[in-house]
Enquirer: 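Can you keep this structure in mind? I'll have questions shortly.
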Amino acid sequence: MMDFISVPLVVGIVCAGIYGLFELFVRKRERLAIIEKIGDKLDASAFDGKLGLPNYMRNFSFGSLKVGCLLAGIGLGLLVGFIINMCLATGPYYDDNWYRHEVAGTAYGASVLLFGGIGLIIAFVIELKLGKNNKQS
């Protein structure tokens, strides 16, 4: 039904996975090099009384919020696409199966992309509001 998006989606996922794997190894190598450079210049007396737990509210990551809003938007888009498909493409005036297939594919694809984008915009707005609240307090 959504054949037009499956090939680019698989290629994108594979490329993102390969990129993430390379980035993981490069980042590890960079961190080890930084630790070695710092270790050569500093001694243990420089850290007396300065070590403690980090403030996690200041470094709060919104990755799970973005993924959650995106998945909720995709799910809502699939539901709306299904409703559009059931209302428009099942009428008696659509005798051509090819046309019915094209209407269904367009409805699913457009609604998934639209509601997925709306979900990401909502996540961005929530992130901005929470960021302002953390800066004020």
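What you see below is based on every heavy atom in this structure, not just the backbone, and it leaves out hydrogens, waters and symmetry mates.
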Enquirer: To which residues is Val67 joined in a hydrophobic cluster, defined by side-chain heavy-atom contacts under 4.5 Å among Ile, Leu, Val, Met, Phe, Trp and Tyr, whether direct or through other members?
Expert: Leu71
Enquirer: Going by salt bridge (charged side-chain N to carboxylate O under 4.0 Å, His left out), name the residues that satisfy it together with Arg27, two or more places apart in sequence or in a different chain.
Expert: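 With sequence neighbours excluded, Arg27 shows a salt bridge (charged side-chain N to carboxylate O under 4.0 Å, His left out) to Glu23, given in chain and number order.
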Enquirer: Could you measure the distance from the CG atom of Leu76 to the CD1 atom of Ile74? Nearest 0.5 Å is fine.
Expert: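 Rounded to the nearest 0.5 Å, the CG-CD1 separation comes out at 11.0 Å.
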Enquirer: Share the residues that join Ile13 in a hydrophobic cluster, the rule being Ile, Leu, Val, Met, Phe, Trp or Tyr side chains under 4.5 Å apart at the heavy-atom level.
Expert: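 Besides Ile13, the cluster holds Leu9.
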Enquirer: Output all residues satisfying side chain to side chain contact (heavy atoms under 4.5 Å, CB included) with Ile18, sequence neighbours left out; order by chain, then residue number.
Expert: Val14, Phe22
Enquirer: Please list, one pair per line, the donor and acceptor atoms closer than 3.5 Å that link side chains of residues 110-130 to other protein atoms, with sequence neighbours excluded.
Expert:
from, atom 1, to, atom 2, distance (Å)
Ser111, OG, Gly77, O, 2.7
Ser111, OG, Gly81, N, 3.4
Ser111, OG, Ala107, O, 2.7
Ser111, OG, Tyr108, O, 3.2

Enquirer: Taking only residues two or more places apart in sequence or in another chain, which ones pass salt bridge (charged side-chain N to carboxylate O under 4.0 Å, His left out) with Glu30?
Expert: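 Glu30 satisfies salt bridge (charged side-chain N to carboxylate O under 4.0 Å, His left out) with no other residue.
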